[in-house]
There are 2 protein chains.
Amino acid sequence: MEETDRKILALLAADGRMSYTDIGKHTGLSTSAAQQRVRRLEQRGVITGYHARIDPAALDRTLTAFIAIRPLNPSLHDDLPERMSPIPEIVSCYSVAGDSSYLLKVQVEHPLALEGLLARIRTELAVATLTTLVLSVPFEDRVVL
Amino acid sequence: MEETDRKILALLAADGRMSYTDIGKHTGLSTSAAQQRVRRLEQRGVITGYHARIDPAALDRTLTAFIAIRPLNPSLHDDLPERMSPIPEIVSCYSVAGDSSYLLKVQVEHPLALEGLLARIRTELAVATLTTLVLSVPFEDRVVL
DNA sequence: GTTGAAAATGTTGGCCA
DNA sequence: TGGCCAACATTTTCAAC
């Protein structure tokens with residue numbers, strides 16, 4: 001990956017709606033050259049998508065937490081991700097190696113909702129949970145190239 | 001927050017470059033009505049930004065890990081986030097309540113790089129670390145409205 | 001990579017319910 | 001207030017070089 005492509009990635013990571021014209025200006029390319037570069041980055045799967053980021057508070061999801069889970073009855077066939085999928089409060093799911101099997105990031109309205117969510121997770125998934133509350137987010141998902 | 005705005009948020013969360021014309025088609029609004037809604041959502045801070053998502057593997061960051069950190073010398077003045085900021089491998093930083101003080105998400109090239117990163121974090125920040133390796137990511141940062 | 005021109009989209013102001 | 005329309009500016013797209 002070369003200089004110009006990295007620069008384009010940095011620009012689009014910072015502003016996903018930047019126009020090809022502006023990308024061209026920032027990289028010294030013509031509009032269509034910039035567009036071709038971006039299209040190639042998309043086709044190669046380097047850029048996997050464009051997404052608006054939404055303030056969780058605006059959706060009444062003021063409480064964020066990480067939940068480490070460990071299955072109570074270890075089984076060969078692990079379909080936990082599929083069974084987590086219908087639970088809307090689970091925002092991210094990581095399969096991990098360490099003290100637990102999965103690490104979940106969840107977002108709920110308030111502590112009482114977290115209590116309910118934990119009960120649901122424990123019963124529906126048959127797992128033990130260890131919860132860590134998020135107090136604040138100094139930074140998140142930054143892209144430093 | 002009403003139905004139409006939620007729909008717009010869902011659309012832009014899924015495709016941050018969707019045109020106002022398309023947003024209008026999906027919501028039964030005219031182009032300019034859709035545009036006004038989006039502008040208002042941006043001004044109210046509900047939409048905090050638009051970002052391209054980049055495949056970490058394309059940037060040779062194949063290894064993701066979570067690192068829980070605990071300061072060795074607890075002090076009143078905590079400037080850890082500022083001191084983490086210049087470390088590019090640290091992608092996210094959460095201040096948490098639980099067994100540790102901060103939870104970091106990091107991305108590195110390979111296990112050896114993680115070893116170096118852990119050494120850097122421990123010495124520069126004067127903290128104890130507990131690392132959890134990410135094996136796979138069933139889903140991440142999904143927005144379910 | 002570049003240029004250029006056509007098609008699509010973004011933008012603004014005025015008008016209407 | 002919130003939405004529509006219509007005219008104008010900008011961007012996207014795609015060809016040929």
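In what follows, chains are A, B, ... by sequence order, proteins preceding strands, each numbered from 1.
- For the pair B:Ser92 (side chain) and A:Asp141 (backbone), a donor-acceptor distance under 3.5 Å is present.
- The residues A:Arg17 and B:Glu42 are annotated as not salt-bridged, no charged nitrogen and carboxylate oxygen being separated by less than 4.0 angstrom.
- Separating the CD atom of A:Gln36 from the C1' atom of D:dC17 is a distance of 13 Å, rounded to the nearest angstrom.
- D:dT10 atom P lies 16 Å from atom OH of B:Tyr20, rounded to whole Å.
- Note: CG (B:Asp22) to P (D:dT12) measures 14 Å, nearest angstrom.
- Nucleotide C:dG10 holds its P atom 11 Å from the CE atom of B:Met18, rounded to whole Å.
- Counting any heavy atom pair closer than 4.0 Å across all strands shown, A:Ser19 reaches sugar-phosphate atoms only and no base atom.
- Here C:dG10 presents its P atom at 11 Å from CG of B:Leu12, a figure rounded to the nearest Å.
- Salt-bridge annotation for B:Lys105 and B:Glu140: present, with a side-chain N of the basic residue lying under 4.0 Å from a carboxylate O of the acidic one.
- Residue B:Glu124 qualifies as enclosed at atom CD: its count of foreign heavy atoms under 6.0 Å is above 12.
- Considering only side-chain N and O atoms, B:Arg39 lies nowhere under 4.0 angstrom from the phosphate OP1 or OP2 of C:dT11.
- In this model, the phosphate group of D:dT12 is approached by a side-chain N or O of B:Arg17 to a distance below 4.0 Å at OP1 or OP2.
- Nucleic acid contact for B:Ser32: base, since at least one base atom lies under 4.0 Å from a heavy atom of the residue.
- A donor-acceptor pair under 3.5 Å is absent between the side-chain atoms of A:Ser95 and the main chain of A:Tyr102, judged by distance alone.
- At C:dT11, one or more side-chain N or O atoms of B:Gln35 fall inside 4.0 Å of OP1 or OP2 (strictly under the cut-off).
- In this structure, NZ of B:Lys25 is placed 14 Å from C1' of C:dG10, rounded to the nearest angstrom.
- Atom-to-atom, CZ of B:Arg37 to P of D:dG2 comes out at 8 Å; the value is rounded to the nearest Å.
- Closest to the side chain of A:Ala33, out of D:dT12, C:dT2, D:dG3, is C:dT2.
- Dashed line: the shortest gap from a side-chain N or O of B:Thr31 to OP1 or OP2 of C:dT9 is not under 4.0 Å.
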